[in-house]
K.L.:
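Quick one: structure below, then a few questions.
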Amino acid sequence: MSDRYNGKETWEEWSKEWKLEDRYNFKSIEKKWQAIWEKEKAYKVEIDKNKEKFYALVEFPYPSGAGLHVGHPRSYTALDVIARKKRMQGFNVLYPMGFDAFGLPAENYAIKTGVHPAVSTKANIANFTKQLKSIGFSFDWDRCINTCDPEYYKWTQWMFIKFFEKGLAYKDKIAINWCPSCKVGLANEEVVNGHCERCGAEVIRKNKEQWMIAITKYADRLINDLDGLDFIDRVKSQQVNWIGRSEGAELDFGLTLSDGTELKDKKLTVFTTRPDTAFGVTYMVLAPEHAYVSELADKFENAQEVKAYVEATAKKSELQRTMDDSKTGVELKGIKARNPYNGALIPVFISDYVLTGYGTGAIMAVPAHDQRDYDFAKVFGLPIIQVLEGGDISEKAWEEDGAHINSDFMNGMNKEDGMRSAIDYAEKHGFGRSKVNFKLRDWVFSRQRYWGEPIPMVYCEKCGWQPIPESELPLTLPEVPDYHPNDEGESPLSKAGDWLNAKCPKCGGHARRETDTMPNWAGSSWYFLRYCDPHNDKEFASKEALDYWMNVDWYNGGMEHTTLHLLYSRFWHKFLYDCGLVPTKEPYNKRTSHGMILAENGEKMSKSRGNVINPDDIIDAYGADTFRLYEMFIGPFDQVAMWSDDSLMGVYRFVSKVYALFKKVYKLEPSTQDLRAMHKCILEVTERIDQMRFNTAVSSLMTYVNYLSSLEKIPAELYMTLLKLLSPFTPHLAEEMWARIGKNTLIVAESWPQGDAKLAQDDEVTIAVQICGKMRGTIVMPKDASNADVEATALALDNVKRQLEGKEIKKIIVVPNKICNIVA
RNA sequence: GCGGGUGUGGUGAAAUUGGUAGACACGCCAGACUUAGGAUCUGGUGCCGCAAGGUUUAAGAGUUCGAGUCUCUUCACCCGCACCA
């Protein structure tokens, strides 16, 4: 205990040395308490079935060379406040931290400097750890994990093999998004407006054989299971939007050559959300990449023209293709399609406004009721047949509801009935079926890079792709002569020499290893499970640990991960659930998101702008407690906030004030008024932390401190309560003053104060007096005064009398303890 | 175009969910005390007005005794998706 009293054995001895006029020495105080917490393992947590658990989680950082920026601690402090409060409220709190340590920056650094990624990553993790500890977060450091540790990625690889065994991981050659700058394939989720999410280079299309994971099989469940979750709305709606479910029908159109012969073995299948408009189809369009364009090439009378268009399209980047909404295309002369509803023969085009990856890569065009088809029809002079009443078809397409016309059996029906009846008809005649489509694509899972988990697969000429036996896990990263990826898209691992040779686990013959690695989203897809049991070398986590700790009760992280990490990890967890490996369907009960912190002028902080605030500098100049408190006070937690040195100063003053207030603390009975202020503060702070309204929680504390400042002498109970309420925000200061007041316990292990609403109530209230809703004065009344008393007092006000002169009072509305409104 | 959100002093913002708009803090103004400390303390501070008073939550309309809050219309900005048939 002696370190608690600054080297002295007792508080009495220590107190003789105090010089309270001294300024608040946060440097030595914060260091001292961090050492004590570490020594006493104040935040270590174990399974305790007698206590209710609470699992608080923040997204673990990528340990970049730049170190922590001020954005990280916004999220970490918020959940630290929540975790600390929950702990004081008696919960068994798991609040872990780790490092998402695979990734491109370490590899690029290696290319530049020759330093092995493992070496620079280790150094960065050491730096991050030091920084995080200097802020005084209540993480259980014994559970710290690191995704690039073979003991960790062993299980990432193990899970990949599970995906493979269940048929959800497969190799496929498709056109993927390729970043020419990073020289790496990207998942759909990693492409932002046609640019690489990481480096900003324009993404091109490249045909490459890739490992894919069938996330689309879970599309429906990923939408439906959001229902029971406490996620903020924008997260839910963004995920739903991204998955992009749409209901419609698949319809088969016949194909006919110009001489009238039917192509019996070829059907042109399209997906449509508007089967009811089938009688308005006047042409068909294929994506230039559609298989039929090459398969039927010898049937086209204008094969040269078609070929030229296909090639021109291939040269366009994704971005150019989406930016340019003018319609181009080429008719496939020599073939016609037959509308199965009315037998009409219609022309077939190729055009780049039809996308290859969605639906069947072919559409039936209904220019009268789809604006894109309308635009195309206008360019090519195609007929426009209206089949629903409404709008002005000479101006633009009519996409709303209406009564069907020119539609045979659907005539007179509205959109909804028409759709049902069109699908029924198609099903009865065997040329269509109802169908649900998603925008979500399967997850492109291989990366042509070094610094990632090796994919634990080998290829045998005889047996095909085989997973390596579990006994060979982890498959560790080999040394390579250099880390450069090449333009052909080969991973640096292809230069790994002997490592490439393996034995086929099935036939024992020669096999070669997969040289691509996993994306940086792999390790983070299940890390919250590992925290439950981080040192287990038999399983990724024991059933007991998972049963006790899961789910994550509260997960806070950035909006930028909504359709990346958050979606991937929900999917990954559902897969493990289906395998019987985790006890729950969803990993996270509650998801919140913090706003970004911008520079003082509202710009994004960036190295190139030179406006980055380094947490180390702030902590050095003002201390961790001021930094933490400022991060909470800066503004509404879920909104963007601008850094302000001036506001930071105000928080620093507050912290110093709390320190200085100690001079005035005496053993005294608190007055009713004192208790009122105290209980009001307890109630407000408690409620506002739960609602993540940290900025107003801090306001409450400030109001309370202002009250304490106004007292001659502060009763000890009031000050001790302040320290407890403050401890989640400014734990070092709270701990120090708790010791100074003579306590030899840790305040972080104390219990959270109980607010009493009755004691918090005022016995007098100020009631606003209004005439016809306009404020004319206020009256002070005893709480719960009778309406009659309130009316009488209000009517006696001079201003009220003056205003009411010559008017007749129609009625008086009294809202108890709030308002007296006189209607005249 | 679709989805989500925001709009309140010089600034960051608050408002018990329909009941005194601007809490708390920054900044600014005035004063005090001290001297060199990113001081501290006291008072003031939405706007117009000397004042009584008037006026004020992007703009407009509506519901209501009463609207920052609810409804409708318009405008502006931010985020995500985007030729998804």
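Numbers restart at 1 for each chain; the letters A, B, ... are given by sequence-line order, proteins then strands. Source: prediction; values computed, not measured. FYI, side chains are in, hydrogens and waters are out, and symmetry mates aren't considered; it's all heavy atoms of this structure.
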K.L.:
Contact class for Phe633(A) (heavy atom, under 4.0 Å): base, sugar-phosphate, or nothing?
P.N.:
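Base contact.
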K.L.:
Considering only heavy atoms, which members of residues 357-365 of chain A lie under 4.0 Å from some atom of RNA chain B?
P.N.:
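Of all residues in residues 357-365 of chain A, the ones placing a heavy atom under 4.0 Å from RNA chain B are Tyr358(A), Ile363(A).
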K.L.:
Could you say whether Gly773(A) or Met702(A) is positioned toward the 5' end of RNA chain B, judged by the nucleotide with the nearest heavy atom to each?
P.N.:
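Between the two, 5'-proximity favours Met702(A).
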K.L.:
Using a heavy-atom cut-off of 4.0 Å across all strands, would you classify Ile767(A) as base, sugar-phosphate, or nothing?
P.N.:
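No contact at all - Ile767(A) keeps every heavy atom at 4.0 Å or more from the nucleic acid.
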K.L.:
Nearest to the side chain of Trp242(A) - rA25(B), rA82(B), rU20(B)?
P.N.:
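My answer, after comparing the listed nucleotides, is rA82(B).
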K.L.:
Using the C1' atoms only, state how far rA30(B) lies from rA36(B), rounded to an integer number of Å.
P.N.:
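Nearest-Å result for rA36(B) against rA30(B) at atom C1': 22 Å.
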K.L.:
Please check if the side chain of Asn611(A) supplies one atom and the backbone of Ala599(A) the other of a donor-acceptor pair under 3.5 Å.
P.N.:
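No; judged by distance alone, with no hydrogens or angles, the pair does not exist.
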K.L.:
Looking only at N and O atoms, is any donor in the side chain of Lys810(A) or the base of rC65(B) less than 3.5 Å from an acceptor on the other one?
P.N.:
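No such pair is found, so the answer is no.
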K.L.:
Just call it for Arg245(A): base, sugar-phosphate, or nothing, with non-hydrogen atoms closer than 4.0 Å on any strand.
P.N.:
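The residue Arg245(A) makes no contact with any strand.
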K.L.:
Taking atom P of rC26(B) as reference, at what distance in whole Å does atom CD of Glu600(A) sit?
P.N.:
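For the pair Glu600(A) CD and rC26(B) P, the rounded distance is 15 Å.
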K.L.:
Is the number of heavy atoms from other residues, nucleotides or ligands within 6.0 Å of NZ (Lys664(A)) greater than 12?
P.N.:
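Yes - once you tally the heavy atoms of other residues, nucleotides and ligands closer than 6.0 Å, there are more than 12.
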K.L.:
Cation-pi between Lys327(A) and Phe376(A): NZ/CZ under 6.0 Å from ring centre and within 45° of the ring axis?
P.N.:
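Ring-cation test returns no.
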K.L.:
Taking only side-chain nitrogens and oxygens of Arg693(A), does any of them come within less than 4.0 Å of OP1 or OP2 of rU17(B)?
P.N.:
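So the side-chain polar atoms of Arg693(A) never come under 4.0 Å of the phosphate oxygens OP1 or OP2 of rU17(B).
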K.L.:
Flag the pair Ile619(A) / Phe26(A) as yes when at least one side-chain heavy-atom distance between them is below 4.5 Å, and no otherwise.
P.N.:
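A side-chain contact is absent here, since even the closest heavy-atom pair is not under 4.5 Å.
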K.L.:
Check the interface with nucleotides 38-43 of chain B: list each N/O to N/O pair with the protein under 3.5 Å, or write none.
P.N.:
unit_1: rG38(B); atom_1: OP1; unit_2: Arg23(A); atom_2: NH1; d: 3.1
unit_1: rG38(B); atom_1: N1; unit_2: Tyr622(A); atom_2: OH; d: 2.8
unit_1: rG38(B); atom_1: N2; unit_2: Tyr622(A); atom_2: OH; d: 2.8
unit_1: rU40(B); atom_1: OP1; unit_2: Arg653(A); atom_2: NE; d: 3.1

K.L.:
When the P atoms of rU56(B) and rG62(B) are compared, how many Å lie between them, rounded to an integer?
P.N.:
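So the two P atoms sit 15 Å from each other.
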K.L.:
State which residue, out of Thr272(A), Thr273(A), Thr277(A), fulfils the side-chain contact (heavy atoms from CB on, under 4.5 Å) condition with Pro275(A).
P.N.:
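With Pro275(A) as partner, side-chain contact (heavy atoms from CB on, under 4.5 Å) holds for just one option, Thr272(A).
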K.L.:
Just to confirm, is there a sub-4.0 Å distance from OP1 or OP2 of rA85(B) to any side-chain nitrogen or oxygen of Ser246(A)?
P.N.:
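Yes, such a contact exists.
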K.L.:
Taking the side chain as every heavy atom from C-beta outward, state whether Phe231(A) and Thr592(A) have any pair of such atoms under 4.5 Å apart.
P.N.:
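Contact flag for Phe231(A)/Thr592(A) side chains = no.
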K.L.:
Using only side-chain N and O atoms of Lys439(A), determine if any of them is under 4.0 Å from OP1 or OP2 of rA85(B).
P.N.:
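No, outside the criterion.
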K.L.:
So what does Gly244(A) hit on the nucleic acid, given a heavy-atom distance under 4.0 Å: a base, only sugar-phosphate, or nothing?
P.N.:
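Counting heavy atoms under 4.0 Å across all strands, no contact is made by Gly244(A).
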K.L.:
As a check on the pairing definition, encode RNA chain B in dot-bracket form, counting Watson-Crick and G-U wobble pairs whose two distances are under 3.5 Å, and using | for partners outside this strand.
P.N.:
(((((((..(((......[....)))((((((.......))))))(((....)))..(((((..]....))))))))))))....
K.L.:
Report yes if at least one side-chain N or O of Asn821(A) is closer than 4.0 Å to OP1 or OP2 of rG19(B); otherwise report no.
P.N.:
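Answer is no, no contact under 4.0 Å.
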K.L.:
Nearest-Å distance, CE (Met642(A)) to C1' (rC77(B))?
P.N.:
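Rounding to the nearest Å, CE of Met642(A) and C1' of rC77(B) are 13 Å apart.
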K.L.:
What nucleotide, of rU55(B), rG53(B), rG12(B), holds the atom closest to the side chain of Lys774(A)?
P.N.:
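Per side-chain heavy atoms of Lys774(A), the pick is rU55(B).
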K.L.:
Classify Arg441(A) by what it touches in the nucleic acid, base, sugar-phosphate, or nothing, heavy-atom distance under 4.0 Å.
P.N.:
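Base contact.
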K.L.:
Without decimals, in angstroms, what is the distance between Ile819(A) CD1 and rG66(B) P?
P.N.:
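The answer, rounded to whole Å, is 13 Å.
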K.L.:
Taking all non-hydrogen atoms of both residues into account, name the closest pair between Val203(A) and His195(A) and its distance.
P.N.:
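Of all heavy-atom pairs spanning Val203(A) and His195(A), the closest is CG2-C, 3.6 Å.
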K.L.:
Which part of the nucleic acid does Asn241(A) contact within heavy-atom distance under 4.0 Å: base, sugar-phosphate only, or nothing?
P.N.:
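Base, at least one base heavy atom under 4.0 Å.
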K.L.:
Using the benzene-type ring in the case of Trp, are the ring centres of Phe438(A) and Trp242(A) under 6.0 Å apart?
P.N.:
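No, ring centres 6.0 Å or more apart.
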K.L.:
Roughly how many Å apart are rG46(B) and rA21(B), using the P atom of each and rounding to a whole number?
P.N.:
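rA21(B) and rG46(B) have their P atoms separated by 14 Å.
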K.L.:
When you match Pro636(A) and Val651(A) each to their closest nucleotide on RNA chain B, which lands nearer the 5' end?
P.N.:
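The residue mapped nearer the 5' terminus is Pro636(A).
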K.L.:
If you measure from the P atom in rA13(B) to the same atom in rG7(B), how many Å do you get, rounded?
P.N.:
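About 10 Å, rounded to a whole number of Å.
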K.L.:
Taking only the side-chain heavy atoms of Thr696(A) (C-beta and beyond), determine which of rC83(B), rA14(B), rG12(B) contains the nearest atom.
P.N.:
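It is rA14(B).
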K.L.:
Counting neighbours of CD on Glu416(A) that are heavy atoms of other residues, nucleotides or ligands and sit closer than 6.0 Å, is the number greater than 12?
P.N.:
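For Glu416(A), atom CD is not crowded (no more than 12 foreign heavy atoms under 6.0 Å).
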K.L.:
Scan Asp373(A) against the nucleic acid and name what it touches under 4.0 Å (heavy atoms): base, sugar-phosphate only, or nothing.
P.N.:
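Nothing: the residue Asp373(A), judged by heavy atoms under 4.0 Å, touches no strand.
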K.L.:
Does Gln770(A) reach a base, just sugar-phosphate, or nothing at all? Heavy atoms under 4.0 Å.
P.N.:
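Base contact.
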K.L.:
Between rU73(B) and rC26(B), how far is it from one C1' atom to the other, in whole Å?
P.N.:
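Pairwise C1' distance, rU73(B) against rC26(B), rounds to 38 Å.
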K.L.:
Mind checking Thr778(A) for me? I need base, sugar-phosphate or nothing, with any heavy atom below 4.0 Å counting as a touch.
P.N.:
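If one applies the 4.0 Å heavy-atom cut-off, Thr778(A) turns out to touch a base.
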K.L.:
What nucleic acid atoms does Asn706(A) come within less than 4.0 Å of, heavy atoms only: base, sugar-phosphate, or nothing?
P.N.:
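Since only primed, P, OP1 and OP2 atoms lie under 4.0 Å of Asn706(A), the category is sugar-phosphate.
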